[in-house]
Amino acid sequence: MEKLLNYINGKLVEPTSGDYFENMEPATGKAYSLIPDSDQRDVNAAVEAAKRAFKVWSKMSVEARSNILLRVAQLIGENLDELAAAESRDNGKPYKLAHTVDIPRAQANFHFYGTGILHFASESHAMGDVAINYTLREPIGVAGCISPWNLPLYLFSWKIAPALAAGNTVVAKPSEVTPYTAYLLSKICIEAGMPAGVLNIVHGLGPKAGAAIIEHDDVPMISFTGGTATGEWIARTAAPKFKKLSLELGGKNPNIIFANCDFEDMMKTTLRSSFANQGQICLCGSRILVERSLYEKFKTEFVARVKAMKVGNPKEDVNLGAVVSKPHMEKVLSYVELAKQEGGTVLCGGKKAEMTGEFAEGYYLEPTVIEGLSHTCRTNQEEIFGPVVTIQPFDTEEEALMMANSTKYGLASTVWTSDLKRAHRVARELHTGIVWINCWLLRDLRTPFGGVKSSGVGREGGFEALQFFTEPKNVCVKY
Ligand code: NDP
């Protein structure tokens, strides 16, 4: 079986332990490659390489750094088909999705920050005729970047590209569940002529290799995307060392549908916001709140269209592929059982999608719609992160807002209405970092991205990320 390798100091290397574990293909439930079981020794070597490289990389001109990032972007584009196939195989997502969303976005991330750094500027503050202050924004050192399995290369590059553009060097770990495209990225970086040690990729388990990055004294900033429980542990561990932290965590996002919306537009988008990537996007709208006068019409039409969605071999033209792993599939199914115990009615789905032949052991779930639950029950409060949504009626705008804001999460929300005043009013009252009005997942990379409450700390995107990955220094010059 193919062995993936770590990328340390510009070279593809075996883990120090010599140990590997199996990488599973969600579509078939079979192992197809081996992942390095890296530990603290590999992380130490990566950090040492990154520290050495920082001395050179941080002093290079922004144009020179930009050129290398743009070259990486170009190579991602040239290898689109191979990367999309690898992402689909590793994650279970439809190839079409990886080809149109994941990999183009990874390319865009490098392109965006490769050019963005050329426009990054800082402030000056004049004190009358006494003095002038200016702010230097300096790279910090070695950034630790840790990303999850749902949008593997997309989210991995969303951290790495701004960290590198700002002049830091990086030690990164992709999720062990989906390491393959990060491995391909290391090959691309070698081809792009990235200097040795600038980017280091260590594969392995979160609590072992990941924790070693978080705990390392010479990694002063951490950018993490993943679950809220892991984020809490990272925050606790990093706090006594005063590390800079950017945490993008879980969500339980409301999708609020008012009766006067554009029904067809809302319906098409709601199918996507519920089930894209098998519902495994932190931004998916898993709690659908519908104004009572529209509720029955919505329910009938939505359930009919969900039943018509095709689940199957990710290489084919399907709406849903496989979910990412067996434990994750079981977790999602356990939430369907919980919903039933809590008094919910499963309107469609709710079980494994049965497959045949080589796909019989794959991790396929039917898209699931549940009604009849209170907004306070666990099913409506906890992140399921799979193809499961609940629908709930509401009577007034106040009630919709109360239900929408009732969870500990605050990542994103969606509002459907053709009443402009209401749209702005509701957007102001929603406790989330992102509000989409009459759309979903429409992303401008310049905008601040992130959540409030238990959905995270800090913002990614645009200059926010470049500010995170630099330290401001005030210089005051007396005239
Ligand atoms: P996890 O928190 O389990 O893992 C995220 C990453 O952290 C993985 O690379 C994991 O490694 C690593 N990790 C796990 N334990 C540790 C540790 N102790 N120290 C350091 N690193 C560790 O999340 P999932 O991968 O299951 O991702 C799903 C979660 O991510 C969901 O909650 C989802 O909402 C959230 N998410 C948030 C987004 C946002 O922008 N707010 C976007 C996308 C997802 P390994 O997998 O190898 O164990």
Side-chain angles (χ1 to χ4, degrees), residues 4 21 23-24 35-40 43 90-91 93 102 105 144-160 171-180 182 201-216 219 222-238 243 245-253 276-286 323-325 327-329 331-332 382-386 407-412 432-434 441 443 447-461 464-465:
L4 276 55
F21 54 90
N23 187 21
M24 310 300 285
I35 309 167
D37 187 4
S38 309
D39 58 31
Q40 202 178 18
V43 169
D90 217 20
N91 173 278
K93 69 177 69 207
D102 290 75
R105 175 57 193 275
C145 298
I146 298 190
S147 57
W149 45 256
N150 60 332
L151 302 166
L153 194 61
Y154 175 136
L155 290 177
F156 199 56
S157 52
W158 184 229
K159 302 180 173 308
I160 290 170
V171 176
K173 193 194 88 67
S175 170
E176 42 117 349
V177 188
T178 54
Y180 204 95
I201 300 175
V202 181
H203 296 277
L205 301 167
K208 198 199 268 185
I213 297 174
I214 305 297
E215 287 166 339
H216 203 293
V219 178
I222 308 284
S223 175
F224 169 81
T225 300
T228 294
T230 315
E232 270 175 38
W233 179 83
I234 290 175
R236 271 201 308 275
T237 308
K243 297 187 180 213
L245 274 189
S246 168
L247 302 174
E248 299 294 340
L249 309 175
K252 186 75 180 175
N253 308 306
N277 205 38
Q278 297 72 245
Q280 302 165 131
I281 302 180
C282 52
L283 305 162
C284 277
S286 55
V323 299
V324 76
S325 68
H328 189 61
M329 177 177 72
K331 178 190 146 186
V332 175
E382 297 177 15
E383 186 182 43
I384 301 175
F385 213 56
T407 75
K408 68 173 184 173
Y409 295 107
L411 187 54
T432 57
I434 301 154
L441 203 47
R443 293 277 296 118
T447 59
F449 179 88
V452 299
K453 303 196 281 184
S454 294
S455 289
V457 176
R459 291 293 180 274
E460 299 184 310
E464 302 270 350

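Throughout, numbering of the chain's residues begins at 1 and tracks the sequence. Atoms within each ligand, like the ligands themselves, are counted from 1 in listed order.
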Next on the checklist: Keeping Lys453 on the side-chain end and Thr407 on the backbone end, is there a donor-acceptor pair under 3.5 Å?
Outcome noted: yes
Checklist entry - Rounded to the nearest 0.5 Å, how far does CD of Glu464 lie from CD of Glu460? => result 10.5 Å
Checklist outcome for this item: Contact region, Leu411 to ligand 1, non-hydrogen atoms below 4.0 Å, reads side chain
Checklist entry - Side chains of Lys208 and Ser38: do they bring a donor and an acceptor to under 3.5 Å? => result no
Checklist entry - Applying a strict 4.0 Å limit to heavy atoms, is Gly204 in contact with ligand 1? => result yes
Item to check | Nearest protein heavy atom under 4.0 Å from atom 4 (O) of ligand 1, yes or no | outcome: no
Checklist entry - Counting heavy atoms only, which part of Asn150 comes closer than 4.0 Å to ligand 1: side chain, backbone, both or neither? => result side chain
Checklist entry - Would one find more than 12 heavy atoms of other residues, nucleotides or ligands at under 6.0 Å from atom CD of Glu382? => result yes
Checklist outcome for this item: Check: of Gly206, Gly451, Gly227, min heavy-atom distance to atom 16 (C) of ligand 1 comes from Gly206
Checklist entry - Taking non-hydrogen atoms only, is Thr225 closer than 4.0 angstrom to ligand 1 via side chain, backbone, both or neither? => result both
Next on the checklist: Checking side-chain contact (heavy atoms from CB on, under 4.5 Å) between Trp149 and each of Leu155, Thr178, Asp90, which is the one that passes?
Outcome noted: Thr178
Checklist entry - At the 4.0 Å heavy-atom cut-off, does Ser147 count as touching ligand 1? => result yes
Item to check | Residue pair Ser223 / Lys159, side-chain donor-acceptor N/O under 3.5 Å | outcome: yes
Next on the checklist: For ligand 1 and Lys173, I'd like to know whether there is a polar contact (N/O to N/O, distance under 3.5 Å).
Outcome noted: yes
Next on the checklist: Heavy-atom distances under 4.0 Å decide this one: backbone, side chain, both or neither, for Glu460 against ligand 1?
Outcome noted: neither
Next on the checklist: When you compare ligand 1 with Thr228, is there at least one nitrogen or oxygen pair between them that comes in under 3.5 angstrom?
Outcome noted: no
Checklist outcome for this item: Short version for Leu283: what comes under 4.0 Å of ligand 1, heavy atoms counted, is neither
Item to check | The one among Gly250, Cys284, Gly226 that brings a heavy atom closest to atom 35 (C) of ligand 1 | outcome: Gly226
